[in-house]
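In each ligand, atom 1 is the first atom listed, and ligand 1 is the first ligand listed. Computed from a predicted structure; not experimentally measured.
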Amino acid sequence: MMKNLIVTGGVGFIGSNFVRYVVENQPTVHVTVLDKLTYAGNRANLAGLPADRVELVVGDICDAPLVEQLVRRADAVVHYAAESHNDNSLIDPAPFIQTNIVGTYTLIQACRKYDVRFHHVSTDEVYGDLPLRADLPGHGEGVGEKFTPDSPYRPSSPYSSSKASSDLLVRAWVRSFGLKATISNCSNNYGPYQHIEKFIPRQITNILSGSRPKLYGTGKNVRDWIHTSDHSRAVWTILTQGKIGETYLIGANGERDNQAVLETILRLMGQPADAYDRVKDRPGHDLRYAIDATKLRTELGWRPEVTDFETGLQQTIDWYRTHEDWWRAIKAQVEAKYAKNGQ
Ligand code: NAD
Ligand code: DAU
């Protein structure tokens with residue numbers, strides 16, 4: 001019975017959306033959020049959630065005594081906490097190694113000790129990238145080679161290699177110590193509460209600020225977009241129905257190249273299609289991600305609900321438009337960091 005859940009990183013973008021999902025859909029579950037409140041953790045992301053359902057513990061997942069104290073009274077840990085931004089990992093990899101690798105190690109050691117169920121939230125980037133499908137319009141939405149749970153690990157960046165390392169630790173702890181763990185690797189999320197350093201919210205808030213959006217390199221790199229609410233439902237499904245030791249890939253057939261996404265944002269916000277700047281590319285920039293979620297669909301019956309990307313994007317634009325107080329104070333600082341990097 002899942003009554004006491006620990007959600008690490010539950011103040012961040014995807015973690016806080018998951019906490020909201022649990023509060024709204026699982027009335028008997030109490031959530032303890034363990035979050036360090038780094039630059040990416042905003043207390044406002046949990047605003048309005050009932051205090052008798054959600055407790056925030058401000059702390060570090062690398063703090064073993066604290067982690068043990070929380071884990072010993074939990075039924076399960078859902079692990080979102082991470083340094084999550086590729087561009088940051090290229091400037092300073094150190095916190096990625098510490099949080100993503102040492103932090104995951106600390107959590108699985110505690111779960112092993114107290115025999116607690118563990119779900120590890122990971123990313124499709126551990127599989128590296130796929131070739132572009134330049135022969136197909138829109139780079140072949142839903143067509144061509146995709147990542148499967150058997151794809152080889154080929155991470156490209158400090159961020160994705162630290163996530164790959166954490167996945168491998170979890171797999172080894174399952175095999176060697178009988179850790180009751182599952183892993184999910186999801187594609188690019190979008191939706192409310194995403195930090196404005198990331199692609200979609202950066203461009204929306206640029207336009208809302210009267211600045212021009214910034215596209216890296218050719219703009220032909222493809223990402224496989226999924227609404228974060230569909231990710232939350234998938235994680236709950238895997239936590240409660242997934243088979244121990246298994247890896248599930250989460251994706252919603254949302255392949256689009258960055259230029260196409262940006263042109264859609266511009267159109268939905270009433271701007272000319274070419275009202276953006278091309279800037280310096282990201283070193284080692286992965287070309288294309290694409291998820292084959294057959295296993296999750298057929299074995300656990302999960303389906304995405306937000307199947308129309310433009311509708312999800314319009315709702316996301318509306319959220320940033322009506323929540324200027326949530327992002328305005330950090331906008332100049334985020335852009336100054338990018339400007340320093342020529343982006
Ligand atoms: P985010 O950067 O918005 O949030 C990360 C949260 O973790 C923040 O609240 C931060 O304060 C917390 N945190 C960081 N270091 C910590 C530490 N040492 N101890 C405790 N808390 C700490 O990240 P996100 O985009 O919401 O991603 C969440 C998870 O989902 C990550 O594990 C990421 O790899 C994975 N993921 C993200 C995506 C995506 O598209 N964003 C896709 C697939 C998987
Ligand atoms: O695939 C899942 C991953 O998706 C997650 O594991 C990561 O945590 C998450 O950050 C995301 O990684 P990406 O590097 O794909 O996301 P980002 O939002 O940084 O960039 C998306 C694409 O847009 C990428 O091809 C780079 C490009 N880009 C990004 C920014 C910030 C631009 O063209 N301009 C920009 O200003």
Trainee: According to the salt bridge (Lys or Arg N to Asp or Glu O under 4.0 Å) rule, which pairs have a member within residues 230-242, sequence neighbours left out?
Mentor: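 Listed by first then second residue: Asp230-Arg233, Arg233-Glu305.
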
Trainee: Pairs of nitrogen or oxygen atoms, one from ligand 2 and one from the protein, closer than 3.5 Å: please tabulate them with distances.
Mentor:
{"unit_1": "ligand 2", "atom_1": "1 (O)", "unit_2": "Asp124", "atom_2": "OD1", "d": "2.5"}
{"unit_1": "ligand 2", "atom_1": "1 (O)", "unit_2": "Asn188", "atom_2": "OD1", "d": "2.8"}
{"unit_1": "ligand 2", "atom_1": "4 (O)", "unit_2": "Asn188", "atom_2": "OD1", "d": "3.4"}
{"unit_1": "ligand 2", "atom_1": "4 (O)", "unit_2": "Asn188", "atom_2": "ND2", "d": "3.0"}
{"unit_1": "ligand 2", "atom_1": "6 (O)", "unit_2": "Thr123", "atom_2": "OG1", "d": "2.7"}
{"unit_1": "ligand 2", "atom_1": "6 (O)", "unit_2": "Tyr159", "atom_2": "OH", "d": "2.6"}
{"unit_1": "ligand 2", "atom_1": "8 (O)", "unit_2": "Ser84", "atom_2": "O", "d": "2.8"}
{"unit_1": "ligand 2", "atom_1": "8 (O)", "unit_2": "Tyr159", "atom_2": "OH", "d": "3.0"}
{"unit_1": "ligand 2", "atom_1": "10 (O)", "unit_2": "Ser84", "atom_2": "O", "d": "3.3"}
{"unit_1": "ligand 2", "atom_1": "12 (O)", "unit_2": "Glu125", "atom_2": "OE2", "d": "2.8"}
{"unit_1": "ligand 2", "atom_1": "14 (O)", "unit_2": "Asn86", "atom_2": "ND2", "d": "2.9"}
{"unit_1": "ligand 2", "atom_1": "14 (O)", "unit_2": "Arg282", "atom_2": "NH1", "d": "2.6"}
{"unit_1": "ligand 2", "atom_1": "15 (O)", "unit_2": "Asn188", "atom_2": "ND2", "d": "2.9"}
{"unit_1": "ligand 2", "atom_1": "15 (O)", "unit_2": "Arg223", "atom_2": "NE", "d": "2.7"}
{"unit_1": "ligand 2", "atom_1": "18 (O)", "unit_2": "Phe199", "atom_2": "N", "d": "2.9"}
{"unit_1": "ligand 2", "atom_1": "19 (O)", "unit_2": "Arg282", "atom_2": "NH2", "d": "2.8"}
{"unit_1": "ligand 2", "atom_1": "23 (O)", "unit_2": "Asn258", "atom_2": "ND2", "d": "3.4"}
{"unit_1": "ligand 2", "atom_1": "25 (O)", "unit_2": "Arg223", "atom_2": "NH2", "d": "3.2"}
{"unit_1": "ligand 2", "atom_1": "25 (O)", "unit_2": "Asn258", "atom_2": "ND2", "d": "2.8"}
{"unit_1": "ligand 2", "atom_1": "25 (O)", "unit_2": "His285", "atom_2": "NE2", "d": "2.6"}
{"unit_1": "ligand 2", "atom_1": "33 (O)", "unit_2": "Tyr216", "atom_2": "N", "d": "2.9"}
{"unit_1": "ligand 2", "atom_1": "34 (N)", "unit_2": "Lys214", "atom_2": "O", "d": "2.9"}
{"unit_1": "ligand 2", "atom_1": "36 (O)", "unit_2": "Arg202", "atom_2": "NH1", "d": "2.7"}
{"unit_1": "ligand 2", "atom_1": "36 (O)", "unit_2": "Gln203", "atom_2": "NE2", "d": "3.1"}
{"unit_1": "ligand 2", "atom_1": "36 (O)", "unit_2": "Lys214", "atom_2": "O", "d": "3.3"}

Trainee: Taking any residue with a non-hydrogen atom under 4.0 angstrom from an atom of ligand 1, which ones do you get?
Mentor: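 Close residues (ligand 1, cut-off 4.0 Å): Gly9, Val11, Gly12, Phe13, Ile14, Asp35, Lys36, Leu37, Thr38, Ala40, Gly41, Gly59, Asp60, Ile61, Tyr80, Ala81, Ala82, Ser84, Thr99, Val121, Ser122, Thr123, Tyr159, Lys163, Cys186, Ser187, Asn188, Asn189.
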
Trainee: Is it true that Arg117 and Asp75 make a salt bridge, defined as a side-chain N closer than 4.0 Å to a carboxylate O?
Mentor: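 Judged by the 4.0 Å cut-off on N to carboxylate O distance, Arg117 and Asp75 do not form a salt bridge.
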
Trainee: State whether Asp129 and Arg288 are salt-bridged, where the test is any N-O pair (Lys NZ or Arg NE/NH1/NH2 against Asp/Glu carboxylate O) under 4.0 Å.
Mentor: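 Looking at Arg288 together with Asp129, the answer is no, because their closest N to O distance does not fall below 4.0 Å.
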
Trainee: Could you go through residues 294-301 and list every donor-acceptor pair under 3.5 Å that involves a side-chain atom there, pairing it with any protein atom two or more places apart or in another chain?
Mentor:
{"unit_1": "Thr294", "atom_1": "OG1", "unit_2": "Asp292", "atom_2": "OD1", "d": "2.4"}
{"unit_1": "Lys295", "atom_1": "NZ", "unit_2": "Glu246", "atom_2": "OE1", "d": "2.6"}
{"unit_1": "Lys295", "atom_1": "NZ", "unit_2": "Thr247", "atom_2": "O", "d": "2.9"}
{"unit_1": "Thr298", "atom_1": "OG1", "unit_2": "Thr294", "atom_2": "O", "d": "2.8"}

Trainee: Is the shortest distance from a Lys or Arg side-chain nitrogen in Glu197 or Lys337 to a carboxylate oxygen in the other one below 4.0 Å?
Mentor: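 Salt bridge between Glu197 and Lys337, a charged N being under 4.0 Å from a carboxylate O: no.
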
Trainee: Check this for me, if you would: do Glu310 and Arg267 make a salt bridge, where the nitrogen-to-carboxylate-oxygen distance has to be below 4.0 angstrom?
Mentor: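 Arg267 and Glu310: salt-bridged.
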
Trainee: Would one find more than 12 heavy atoms of other residues, nucleotides or ligands at under 6.0 Å from atom CZ of Arg303?
Mentor: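 Counting other residues, nucleotides and ligands, CZ of Arg303 exceeds 12 neighbours.
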
Trainee: Are Arg72 and Glu68 ion-paired here, with the side-chain N under 4.0 Å from a carboxylate O?
Mentor: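 Salt bridge: no.
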
Trainee: Roughly how far apart are Trp236 CH2 and Gln241 CD, rounded to 0.5 Å?
Mentor: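 The CD atom of Gln241 is 10.5 Å from CH2 of Trp236, to the nearest 0.5 Å.
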
